[in-house]
Each structure stands twice: as structure tokens, then as C-alpha cells.
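Notes for the one structure printed next.
Chain letters run A, B, ... following the sequence lines, proteins first and then strands; every chain starts at 1.
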Amino acid sequence: MSEEKLTASLPKAYDPAVTEQDLYREWEEAGCFKADPLSEKTPYTIVIPPPNVTGKLTVGHVLNNTLQDILIRYHRMKGEEAFWLPGTDHAGIATQNVVERELATKKITRHDLGREKFLEHVWNWKEKYGGIILKQLRRLGCSCDWTAERFTMDEGLSDAVKKCFVKLYDDGLIYKGKYIINWCPRCKTALSDEEKIPQDTKGSLWHIKYPFKDGSGYLIVATTRPETMLGDTAVAVHPDDPRYKDLIGKSILLPLMNREIPLIADEYVDKDFGSGAVKMTPAHDPNDFEIGKRHNLEQIVVIDESGIMNENAGQFKGLDRFKAREAVIAALEEQGLLEKIEPHELAVGHCERCKTVIEPYLSEQWFVKMKPLAEPAIKAYKDGTLSFVPDRWGSVYLHWMENIRDWCISRQLWWGHQIPAYTCSKCSHVQVAENAPEKCSKCGASQEFIEQDSDVLDTWFSSWLWSFSTMGWPEKTPMLDKFYPTTALVTGPDIIFFWVARMVMAGYYFTGECPFDSVYFTSIIRDLKGRKMSKSLGNSPDPIDIMDDYGADALRYTMVALAPIGQDVRFAAEQCEMGRNFANKLWNAARFVLMNVEDMELSVLEDYPENLSETDRWIISRLHSTIAHVEHCLKPTEYRFNDAIKSIYEFVWNDFCDWYLEISKKALYGSDADLKRNTALVLLKVLDSALKVLHPFMPFVTETLWRKIPGNSGFLMTGSFPEYDANLVSPETEEKVGKMMQFVRTVRNLRASANVPPSRKVTVRAVASDLNNAVVENFGDLVKSLAGVEHLEITDSKPEGHLVGLVDSSVVCMELKGLIDVEKELARVEKEIENTEKSMAKIAGKLENKQFIERAPADIVEKVKEDVEVYKQQLEKLYEYKNEIGSI
RNA sequence: AGGCUCGUAGCUCAGUUGGUUAGAGCACUGCUUUGACAUGGCAGGGGUCAGCGGUUCAAAUCCGCUCGAGCCUACCA
């Protein structure tokens, strides 16, 4: 009857779809994810790297967030006040693009709507479609504290942004100026250096004749962007270049424009590149801009904000910049001014969001002086306050920090934090303040004359504050007090500059503290061909589909198992079979335990029972070795997640299922009531502990099973992690049981080689030896049930009509009913001999080497001697056996 | 151009400070539905650890070079 009950509640196969979603709701409703700022417990904090509100879950997110969840769940179970703060990022350009594209289907532009109406649209879009990814994280099982969810444009976070801007401005670290910046002619906004993606491109180097005004010939100028020559205001050479030294100061007549420009000298010019003469276009090249400033060159803008040639481009006005290039070349050629064209490879910058070729563009922008901010961030890494795993990212971080450049933070977008700078239209006075000033502080003009800067801030200007702005900073909130600075950060190395480095700088500058102790950089997920997962390639499987097919736990298991430290991962959905199979294996192991325990009215106990058997002690020893290893792997200096999950897998599958469950059947189906009870208690307790250890990695299946264990109540996830007890680890027991296992394998091996079906029992005679005697005496009954043996006995010598196998150098014989297949058996033994000889040869040579004996540590030498001795004995026995068969 | 990382079984990957008979999962071969599980069990085949050279008593592991893959940084027009 109870059999029926269990079968009903525990089906033969684990079906994640049945439990996962409901279980998550239960956890959430019970407040299991919530962290208490007033708790006395040690805080453990992670802030999520906020995904874009427009984002959908990718396999990359899966890995990243699973790792965070593992840490959070583990530390929660270790009794710490674990706080995982979730949220999203407003993603200026990306979000604006999405909404603009949607409007475009209705043939509306944002300009049709105007700023205010457009922003209303974006907010509506955000409320409706934004943050899908956070729902998807719930599906994954992430135990974020959703009551603390934040968005970078929330009121509080927006106030923090303003506050920081004002402070930096007041401290003289924010300035506005006309500089060459990266401009996307499609998004029509400035971009930071980090948003410019260089791509190697096969271009050309055009060599153009620039004639001198006085008719005394010409010089050659080489360029990759001939269309910009229309804005040239000089040609530069190196002051020491003998070819040009005497010509410096002469006038050149700029072709096509007939503008008179000077030949100037500047150290910057590389004599060995091209012709050694460089055209200067200060309005369209960052280097020319710098040189131009030194020489007071005029800045002539010839390309407009859309990438179209403007009125300064003469006859080329109105042409797109790439069309203009062709037209300029054609015109030069016609006038015989094109000397030659060389193929030339160069890195062309592209817009991170829309892939449009970036245009260096002269415009008025806001910048942050970064050098002073970098100093404490550099120190933090160098003195160990901040650590990276893998550590090699530290040098990447340092290199960037030490060569840091000012950060262009203004964006010509509408969606974002509008810059809190106000200009008086009467006197042009600029005021920077958190709130709109009521009158001009200089000329006293009233509010109507004061206008806020129309630009918004780079999204990263809000996310670099994320680690503390989310907790209420600048208010001194209990949350901030309890959970800041945070403990760990888990993110991808691709945003080390965008985010990690800047967050460290912001942490020090605004709070005086490093915002986290350690950063773990995850692997990059690729497809099986090694390509990055991307939407355009269509090679990125949808994690939701994977979870539908295999379950969230299976996906989590697989991603973590597959991802070693800092190495890229090649992933395909089918690999989740390993996770699914593992969840199923665990399910069935639990099912077995529960079915057998059911009638005994037992519940899981605090301690193991007295009078443990050797094999009980063995599984407990294995369990505690596993616990120790897992805990070691999860330390911040290690973060060896794949190692941790693998050792649990091996414990559950190999030790617990393959051996201990099989061993326990002997007791469970036997008539010794005490033994039965003891075994059941050990099974329950080990299962209970295994579920706890595995829980941070595979939360759903473990919680589901744990709650079915008699005696358990509440939630596993808020329970405690098993405490490692070194006294329960016994190498001696593991050794003893290991010999028994070897013995069983040898018998199974013999059975297989003689094709004895599992159902047929055999007789085994073990030739007396220390090992054999101990195994037969201590584990005789077990060997019988595990290896399908009917009669097991010790003999003085090998009997006739038996197959022979070895355990170390002990001989184990299996009686064969009927004739031995001589040929087959001979082949098997010969193969065995060959293998053993090969193995021995590998190490035996060492002993003949005097140097080895003298220099190698004594214990190593001893070990080799012992091994060789074992091989020798094995070979002796194998030869003997071979002769015997041969003579049949 | 510089820097970093990687190259281990057909595939995806482990292998912590040099000393293991070089491992796992999938795939493959044979046996197997015995009362947890065929998403299973038992047994097995398969690798000159990219190549060459060096250090060492000892190298998949440390060093150098070559070849191959990838990533990051860089203002050579």
C-alpha cells in the first residue's frame, strides 16, 4: 500500500517541469531570498551585473548567474546573511534603438514625438517588455532578493548619478570641451573609446601629389581617408627629415580645394611611414587634432553628423562620406595627382551597437578626468585589497588603469540621465547642480532663460555607481551599512574596462572603499565550432528552450561542469543530457532510499548510529572528503566551480549509487533488523547531506527530494550546509574497502571474459594471501552479492578448471563449468601480460639509474620499488597461468 | 605591432605546486530489462598529451623556438 503511495509521489523518472516553477514560487512567497539588513549574521553580498532592460537570457548569462547563485546559496547555507541584489540597466543606445525601431514600423520618428512624448513611449515599453531577463533568471532558480530590485533610472539611482556628477564637477574632474570624439553617424551620438570596436579591414593607402604654390614641384602625401583631404589645413613632416627639412614653411596648394596650406614640422610624424609627409585634418582625425592645436591650425569640418559631406566640401557637398571618397579619388586621378594606390590593412572603428563605421568628429562634449580616480584603484589591486580570478586579468586591468584616458560621458540621446548642467541664455553662464537653478547665479536672469543641457550621460556613468547606489547611497541606509562593500563580483572579462574598473574607481572616490573583495571572471561561451554566440549567427540556443527540454538544474549542472577557470567553453544544448541524467540518477537514488525506509518509520537523525559497519564508515568518509573538497573549491582564492560540482557528481554516482546502494541491499533485504535499521539511517543521513552539498548547484531537484525525507521540514535552501568532520574521514577504511572493490571488479572481469550472464552464479576460489584473506573474511558476503558469487573460499593453490585474475598480486580464480575457450583465454592473458610489461618497463628503468636512486626523494624511490615488485609478482603469476592454458 | 590564453581519446573537456599504469562525459564494442534508475547496470576498445629542442634523476606539467586557434591592447597617416 505504501508502495503505491511512493510510486505516486516519486515517479520512475525525474520530471523537472512538474516541480521547478511551483517550487520557486514557494521559496519566494516564504521570503527565502530576502536578506535582512538588521541581521546579526555576517553579510555576504553580490550585486548582479545589471543586464540591459532590453536583454533576453543567453547562455552566457546562465553561466554567470548560476555561479552567483551557487555562491549565494552556499553562503546562505553556511549561516551568513546572503544578499544578492538584482536589477537592470537602462542601456541608453540599445533601448532607444529598440523603441525607435518599433516607432519606425508606424513611420514615426522620435523627432515627430518630441523628447517628452518619446520618453513616455520608452517608459511604457520598459514597463511592458523590459526586464524579461529577470523573469528568466527566476526560471533558472536564481535566489535574488527581488524586494531589492533596482533599475539604473530609478529615482534613487538617478539622484545618485546627479550627486556624483555635481561632486566631480565641483572637484574639477568634469569638464566640457570641443574635442574629437568617436561619433556614430547612424546613432548620431558620441561614444566612448570602449564602445568603439576595431575591426581589421583591407583598405588602401592613396599616395597623392600636393603641389607647392610657387610651382616648384610637389610632395607626396599618403592617406587612408582621401575624402578628409577636403578639410586639410596643413601638411606635416618630421623636423629632422632631410628630404623635407629645407621645405618647411613653404606653402602648398591643396588640390581640389585650391586652399593655401603650410608645410609644418612636428616630432609626431614617422619618417619611415608612407612618404614621410602627413596631411593634417584637425577636424577629422584625433592625432591631427592634437598636432593642430600645437600649431594653431584651422579646424575645417567637412563631414556632418550624418556622415554627409557639408558645404565646406565644395563640389563634394551632399555626398555620403564613402561616395565622396570615390569621387575625390576620381577627381584626383583626372588631374593626374594620384601617384599610386597601395593595399593597406588597418583597424577601422565600428559602433558597438549598430556596427556603423565610427567617424572621428569634432564636437562639444563632457569628459571625466580619470587619472586621479585611477590611483586608488591601481593601489587596491597591487596591495591585494582587490583580487581577480583568474589573476592574469589583473595585468589587463593595470595596463588600462595606468594608461587611462579621459572618459567622454555625454551622449546625444534622449533616453538616459540628462546632464545636470544649466546654461543661461543671457550670459552663457553654466551652472552644475542637482536641481534646476531658479535664476542665473551670475547675471540673475530668471528660470525661463536657463536651459538644461540636452545631452544625457553614458549608461556606464550610472552603472559604475551600481554597487552602492542600489543600496540607497548617498543616504546612510541600513542596507548600505550592512551589505556594502560587497563581497564578490562575478562577471565577464569583456566588461573589465566598461564596468569593473570604473566601479572600483567610483567605489573609492565616492565611498572611500573598494566595492568588492574579489572578482571572478567567467568563461566565454562559444558554439561547437568555436564561434562566439551571437544573434546574427543564430548559433545561440535559447536557455528557456533548454530548460524546457532538460530542466533548469540540468542546464546549471552542465554549464558549470563544462566551464573551467578562465577558459572558453564550447557548448551545445545536447550536452545538457549529462545534467539531466545526473538529476535523474539522484532522483532514483533518493527514490530507492525512501522506498526502503518507508516502512521503518525512521527519520533523518542528527548523528550517525552507533555500530557502523566498515562500508558505512567508508561512505561517510567519502562524503566528508567530498564536503571538504567542495568547500575548498568555493573559496574566493579558488573559485573552482567545475571541480566542486564534479566531485559531488562522482560521490553521488560512483560512491553512493554504484557501490553503497548496492552494498546496502544486502542489509535492507536481509533479516537482521538492527543491521537493516542502521543501514537505513546511514542511507538517509548520507542522502540528506548529499542533497545539501549539491543544493547550491542544483537547487530544484535537491529541495524537492529533501522535503520527502522523513523528519525534514521547512526548506533545504534556508537550512545549513553539512559540517565537515575530519574525524569521519578514514584513509584506512577507504583503503580496505577499496581492496574489496578491486576484488569484485576482478571477478566481474572474469565473468565478462567468459561471457557468464549476470543471472548465473559462480564459484570463486581465492589463493591465500593477506589481501585475499582479509577481503574474504571481512567482506565475503558483500563480494558474493556484488559479484554474483555463490561459493567463495580461500584455497592454498590455484585449482584446475578455473579462470585466473589478479587483485594487486593476489590470485583470484573463478570456476568454469564446461570447457575453457583456450584461444580466447590465451589472448586475454597475453594482452594482460603485454600491458603489465609495458607498465613495468616505464618505471623499472628508473631503478637502474643511479642518479634517480641518489637524487629522487626516498619515498618516491621506495614507491617505485614497491610498484616494480608488484608488477614482477603479477607477471610471474600471469606467465604461470599462460603456460598452464597453453598446455591444455 | 605588442601582450595574454590555448593546442590532451572521434567530440566536449579535467589534470592545483614536475613523480598517476594520463582521467571524465558523450560516441563506439560485448553482455544485460536482477525488486532506484535503459536518462540505467557490468565489462571493454581507443591517446608518441601540436611539433622540435632544452632544464631535471624525472616533463602533459618548467624554459625556448616553430606551427595552428582565439582574445585583448595600440594614434603609424
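- For RNA chain B, the residues of residues 281-292 of chain A within the heavy-atom distance limit of 4.0 Å (strictly under) are A:Asn287, sorted by number.
- At a threshold of 4.0 angstrom between heavy atoms, the contacts of A:Pro857 include nucleobase atoms, whether or not backbone atoms are also involved.
- Using P as the reference atom, B:G10 and B:U66 are 28 Å apart when rounded to the nearest Å.
- B:C52 and B:A14: their P atoms are spaced 24 Å apart (whole Å).
- Nucleotides B:A27 and B:U73 have their C1' atoms positioned 41 Å apart, rounded to a whole Å.
- Between A:Phe582 and the choices A:Tyr557, A:Phe697, A:Trp587, the ring pair (Phe, Tyr, Trp, His ring centres under 6.0 Å) rule is met once, by A:Tyr557.
- Distances shown here put every side-chain N or O of A:Asn584 at or beyond 4.0 Å from the OP1 or OP2 atom of B:G40.
- Atom C1' of B:A38 sits at a distance of 24 Å from the matching atom of B:U12, rounded to the whole Å.
- Here A:Leu205 lies out of heavy-atom contact (under 4.0 Å) with every strand.
- Spacing between B:C11 and B:G2 at atom C1', rounded to whole Å, works out to 35 Å.
- No aromatic stack links A:Phe852 and the base of B:A58, using centre distance under 5.5 Å and interplanar angle under 30°.
- Residue A:Arg640 is classed as a sugar-phosphate contact, given heavy-atom separations below 4.0 Å to backbone atoms only.
- A:Val569 comes within 4.0 angstrom of sugar-phosphate atoms only, judged by non-hydrogen atoms across all strands, and of no base.
- Put simply, A:Arg570 has a side-chain N or O that comes within less than 4.0 Å of OP1 or OP2 on B:U12.
- At the heavy-atom level, A:Arg580 lies under 4.0 Å from base atoms of the strands shown.
- An OP1 or OP2 oxygen of B:U73 is reached within less than 4.0 angstrom by no side-chain nitrogen or oxygen of A:Asn403.
- Using a distance-only test at 3.5 Å, with no hydrogens or angles considered, no donor-acceptor pair links the side chain of A:Asp688 to the main chain of A:Leu684.
- Applying the ring-ring contact (aromatic ring centres under 6.0 Å, His included) rule to A:Phe498 yields the partners A:Trp460; only residues at least two apart in sequence or on another chain are considered.
- Backbone-only contact: A:Trp653 has heavy atoms under 4.0 Å from sugar-phosphate atoms and none from a base.
- In terms of the salt bridge (charged side-chain N to carboxylate O under 4.0 Å, His left out) criterion, A:Glu267 has no residue partners (sequence neighbours excluded).
- With sequence neighbours excluded, the residues that form a side chain to side chain donor-acceptor pair (under 3.5 Å) with A:Asp193 are A:Asn182.
- Contact detail for A:Arg325 and A:Pro226: the closest heavy-atom pair is CG-CG, 3.7 Å.
- Residues that satisfy the salt bridge (charged side-chain N to carboxylate O under 4.0 Å, His left out) test with A:Arg243, not counting sequence neighbours, are A:Asp241.
- Note on A:Arg745: only backbone sugar-phosphate atoms sit closer than 4.0 angstrom, heavy atoms only; bases stay farther off.
- Against RNA chain B, the stretch residues 553-561 of chain A makes no heavy-atom approach under 4.0 Å.
- Backbone-only contact: A:Phe497 has heavy atoms under 4.0 Å from sugar-phosphate atoms and none from a base.
- Within the 4.0 angstrom heavy-atom criterion, only backbone atoms of the sugar-phosphate kind lie near A:Thr224; the bases stay farther away.
- Contacts of A:Phe273 classified as ring-ring contact (aromatic ring centres under 6.0 Å, His included), with partners at least two apart in sequence or in another chain: A:His344.
- Taking for each of A:Asn654 and A:Ser753 the nucleotide of RNA chain B with the nearest heavy atom, the 5'-most of the two is the partner of A:Asn654.
- A:Arg405 comes within 4.0 angstrom of sugar-phosphate atoms only, judged by non-hydrogen atoms across all strands, and of no base.
- Remark: A:Lys585 is in phosphate contact with B:G41, judged by side-chain N or O atoms under 4.0 Å from OP1 or OP2.
- The side chain of A:Asn588 approaches B:C37 more closely than any other nucleotide in the set B:U12, B:C37, B:G44.
- Between the side chains of A:His295 and A:Asp266, at least one donor N or O sits under 3.5 Å from an acceptor N or O.
- Between A:His629 atom NE2 and B:U16 atom C1' there is a gap of 9 Å when expressed in whole angstrom units.
- Scanning for side chain to side chain donor-acceptor pair (under 3.5 Å) contacts around A:Glu662 gives A:Lys665, with sequence neighbours left out.
- Atom CE in A:Met578 sits about 8 Å away from atom C1' in B:C13, given to the nearest Å.
- Residues that satisfy the ring-ring contact (aromatic ring centres under 6.0 Å, His included) test with A:Phe497, not counting sequence neighbours, are A:Trp400.
- At the phosphate of B:A36, OP1 or OP2 sits under 4.0 Å from a side-chain N or O atom of A:Tyr669.
- Looking at heavy atoms from C-beta onward, A:His207 lies out of side-chain contact with A:Leu338 at the 4.5 angstrom threshold.
- With hydrogens and angles ignored, no donor-acceptor pair under 3.5 angstrom links the side chain of A:Glu577 to the base of B:A27.
- Base contact: A:Asp270 has a heavy atom under 4.0 Å from a base atom.
- Residue A:Phe582 is out of contact with every strand shown, counting any heavy-atom pair closer than 4.0 Å.
- Distances shorter than 4.0 Å separate some side-chain N or O of A:Lys665 from OP1 or OP2 on B:A36.
- Taking atom C1' on both B:G40 and B:C26, the two are 16 Å apart, rounded to the nearest angstrom.
- When rounded to the nearest whole Å, the span between CG of A:Leu786 and C1' of B:G41 equals 13 Å.
- Under the ring-ring contact (aromatic ring centres under 6.0 Å, His included) criterion, A:Phe656 pairs with no residue at all, not counting sequence neighbours.
- Residues satisfying the salt bridge (charged side-chain N to carboxylate O under 4.0 Å, His left out) criterion with A:Lys209, sequence neighbours excluded, are absent altogether.
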Pairing of RNA chain B as dot-bracket, 5' to 3': ( ) intra-strand, [ ] crossing, | other strand, . unpaired, with Watson-Crick or G-U pairs under 3.5 Å?
(((((((..((((.....[...)))).(((((.......))))).....(((((..]....))))))))))))....

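- A:Lys12 contributes no side-chain N or O that forms a donor-acceptor pair with the base of B:C37 under 3.5 Å.
- Between B:G41, B:C76, B:G70, one nucleotide has an atom nearer to the side chain of A:Asp568 than all others, and that is B:G70.
- For the residue pair A:Thr836 and A:Lys838, no side-chain donor N or O sits within less than 3.5 Å of a side-chain acceptor on the partner.
- Looking at heavy-atom distances under 4.0 Å, A:Asp643 makes no contact with the nucleic acid at all.
- Taking 3.5 Å as the limit, the base of B:C37 and the side chain of A:Tyr14 contain no donor-acceptor pair of atoms between them.
- Put simply, CZ on A:Arg751 is 11 Å from C1' on B:A43, counting in whole angstrom units.
- Taking atom P on both B:U33 and B:C42, the two are 15 Å apart, rounded to the nearest angstrom.
- Across all strands, A:Glu638 comes closer than 4.0 Å to no nucleic acid atom at all (heavy-atom distances).
- The side chain of A:His344 contributes an N or O atom lying less than 4.0 Å from OP1 or OP2 of B:A77.
- Spacing between B:C13 and B:C31 at atom P, rounded to whole Å, works out to 33 Å.
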